[in-house]
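Report on one structure; see the data block that follows.
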2 protein chains.
Amino acid sequence: MTSTTHNTPPTTESAAAENGGPVKRRRDRRAREREILEAAERIFGERGYQGTSMDDVAAEVGVSKPLIYQYYGSKDGLFLACLARLRAQLLETVSDAVLAAGDAEDALYAGFVAWFEFLDDHPQTWSVLIDEGMLGMGPAAGPAAAATDEVRAAFIELIAAMVRMNLPPGRTADPDEIEIVAQSISGATERLAIWRSRIPAPPTPEKVAQTLQNLLWQGLHTLRTP
Amino acid sequence: MTSTTHNTPPTTESAAAENGGPVKRRRDRRAREREILEAAERIFGERGYQGTSMDDVAAEVGVSKPLIYQYYGSKDGLFLACLARLRAQLLETVSDAVLAAGDAEDALYAGFVAWFEFLDDHPQTWSVLIDEGMLGMGPAAGPAAAATDEVRAAFIELIAAMVRMNLPPGRTADPDEIEIVAQSISGATERLAIWRSRIPAPPTPEKVAQTLQNLLWQGLHTLRTP
DNA sequence: CGAGTAACTTACTGCGAGTAAGTTCTTCTC
DNA sequence: GAGAAGAACTTACTCGCAGTAAGTTACTCG
């Protein structure tokens, strides 16, 4: 659907424009790259990484496959380019919410809410992220494994910083324990996001954030000094 | 390694056995199925789902590809068959540990320890499980998504049961909150398992389990009544 | 207008999943 | 021990898709 294969005649198109629409051919490189990226983001979001072929994307944009290879190098390259934009947005949104908060308790809650709200507002984004990206990260897994590990690492560092903020002033905690806690929280929020995206009427972001906060807050004070 | 391509000559092998070894050809179906399954488990564990071709498996067993298709239907079918065995073992191990424990607090801790220990003891298993299986489960993700969702669902139900056990007698909690808590714990343990498998000197299962227990235990008492 | 280059295409290769149509080996009956 | 019946197994393909080589068309700037 969505008007595939356009009205551009494949061969003699130079005589075009007789119907009025200036058949956009030969756009500027930057513009084409953006166009391809947007189409790819949409199609990957709909059909997943495996389910999308480069020919699909090429057809959607109305361009031939080698052009995409010239601009993005490989299917992985194209996918990573999609991921880069999306994760930057997500990370920025959550970081902003955390940094805007007053104390540590508030920061944690605000971060959770921002996370779940962002994913509610950008379901397509979320599809791209989790498909082989955010989650598929076994040893030889998907192509985006390394890239999404970066995002995750950034989140984990953010969480670890919050945990440290929460310690009594001047105290330090066992680094292992901080890491374990940060990994746990990261894992919990990812799993909750997936869960919410797959059930018909998920609890509100606030509800989930509050429950998670209740679950974790007290335990965060039990970190031992090394 | 491990003596690839065997000594069976591809063409005229009926005149074989001149060297002594009774070149095992034409085994019983059950035996062949097991043989294929074991090879597949190993290769999937080493190279991942994507990185393994059916020809690889066929060559490893010393058999032709269509035979594998006859027995397992498809690459997905073969992968799922591997998964089925592994997850059954994992689920059983953890369940046993939980059920053998005295009270709820002990059950939670014992479950964590059993989980991390099992994965330490079966790294190959773990590779197969996380590669596109345990984690890759976006909308149109890997083939094993549905299968591993089942395992996860089983764990989540186990966790939810433990949480309920922990409530004051006669009390009931908001089902949404129980679900949120169970999803969180499942996500945390999965992420921790991946993290541990990817760093050089991970903390012991007991250490991780203890930290997780500390993090969660107090919060488990904050569940509201609906 | 013509040279130079950026934008783009046609037409392939190669690999890997899956299949059609057999070909041997084994056993079971007479 | 024939020889039929069926299970175990193979050769030789098709088809879809990632990736590429080599060329062609349109814009731009002297």
Side-chain angles (χ1 to χ4, degrees), chain A residues 5-6 8-17 22-36 39-40 43-44 47-80 132 140 142-144, chain B residues 5-6 8-17 22-36 39-40 43-44 47-80 132 140 142-144:
Chain A
T5 35
H6 41 285
T8 66
T11 42
T12 59
E13 90 304 350
S14 53
V23 208
K24 49 159 191 188
R25 304 185 63 71
R26 242 176 180 74
R27 294 165 66 81
D28 166 77
R29 172 166 183 155
R30 294 300 175 89
R32 220 30 139 192
E33 280 179 348
R34 276 183 57 108
E35 205 179 355
I36 293 169
I43 302 185
F44 278 134
R47 312 183 208 173
Y49 180 82
Q50 295 295 338
T52 301
S53 83
M54 293 298 264
D55 291 290
D56 290 345
V57 179
E60 177 84 9
V61 183
V63 107
S64 76
K65 196 168 47 163
L67 192 68
I68 303 184
Y69 276 91
Q70 191 175 321
Y71 291 166
Y72 290 98
S74 65
K75 188 181 181 183
D76 289 11
L78 181 58
F79 191 71
L80 291 186
E132 311 237 6
Chain B
T5 34
H6 41 285
T8 65
T11 41
T12 59
E13 92 302 346
S14 53
V23 209
K24 49 157 189 186
R25 306 184 58 73
R26 244 179 177 70
R27 294 167 64 83
D28 166 76
R29 169 167 186 155
R30 293 299 176 91
R32 225 19 146 195
E33 280 178 349
R34 277 182 57 107
E35 204 178 354
I36 292 170
I43 303 184
F44 279 134
R47 310 182 210 174
Y49 179 83
Q50 295 295 336
T52 302
S53 81
M54 294 298 266
D55 291 290
D56 289 346
V57 179
E60 177 84 9
V61 183
V63 107
S64 73
K65 195 167 50 161
L67 193 68
I68 304 183
Y69 277 91
Q70 191 174 322
Y71 290 166
Y72 290 99
S74 65
K75 189 180 180 183
D76 289 10
L78 180 59
F79 190 71
L80 290 186
E132 310 238 6

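Computation of the quantities below employed the complete heavy-atom set of this structure, encompassing side-chain atoms and omitting hydrogens, waters and symmetry-equivalent molecules.
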query = Expressed in angstrom and rounded to an integer, what is the separation of A:D56 atom CG from D:dA18 atom C1'?
reply = 12 Å
ask   = Which distance, rounded to the nearest 0.5 Å, do you find between the CD1 of A:I68 and the CD1 of A:I36?
value = 5.0 Å
request  = Please name all residues satisfying side chain to side chain donor-acceptor pair (under 3.5 Å) with B:Q70, sequence neighbours left out, ordered by chain then number.
outcome  = none
key: Atom-pair distance (CZ on B:R32; C1' on C:dC25), nearest Å   = 13 Å
query = Using a cut-off of less than 4.0 Å, is there contact between a side-chain N or O of B:R27 and OP1 or OP2 of D:dA8?
reply = no
C:dG2 - base-pair partner by Watson-Crick or wobble geometry, distances under 3.5 Å = D:dC29
ask   = Should we count CZ of B:R34 as having more than 12 external heavy atoms under 6.0 Å?
value = no
query = How close or far is atom C1' of D:dG19 from atom OH of A:Y72, stated in whole angstroms?
reply = 18 Å
message = Suppose we call a contact any N or O donor and acceptor under 3.5 Å apart; does that hold for the side chain of B:R26 and the base of C:dT26?
response = no
key: Closest listed nucleotide, where the reference is the side chain of B:R29 and the choices are D:dA8, D:dC9, C:dG16   = D:dA8
inquiry  = Expressed as a whole number of angstroms, how long is the span from B:D28:CG to D:dA8:C1'?
reply    = 10 Å
inquiry  = According to side chain to side chain donor-acceptor pair (under 3.5 Å), who are the partners of A:S64, at least two apart in sequence or on a separate chain?
reply    = none
query = What is the nucleic acid contact for A:Y71, judged by heavy atoms within less than 4.0 Å: base, sugar-phosphate only, or nothing?
reply = sugar-phosphate
remark   = Whole-Å distance, A:Q70 CD to C:dT9 C1', equals 11 Å
key: B:Y72 side-chain N/O to B:E33 backbone N/O, donor-acceptor pair under 3.5 Å   = yes
Every protein N/O lying under 3.5 Å from an N/O of nucleotides 18-20 of chain C:
unit_1 : atom_1 : unit_2 : atom_2 : d
C:dG18 : OP2    : B:Y69  : OH     : 3.0
C:dG18 : OP2    : B:K75  : N      : 2.9
C:dG18 : N7     : B:K65  : NZ     : 3.0
C:dG18 : O6     : B:K65  : NZ     : 2.9

key: Comparing A:D55 and B:L67 on DNA chain D - which has the more 5′ nearest nucleotide   = B:L67
ask   = When rounded to the nearest 0.5 angstrom, what is the spacing between CG in B:D56 and CZ in B:R47?
value = 4.5 Å
request  = Anything under 30° is parallel, anything over 60° is perpendicular, the rest tilted; go ahead and classify A:F44 against A:Y49.
outcome  = parallel
query = What does B:S64 touch in the nucleic acid at a heavy-atom separation under 4.0 angstrom: a base, only the sugar-phosphate, or nothing?
reply = base
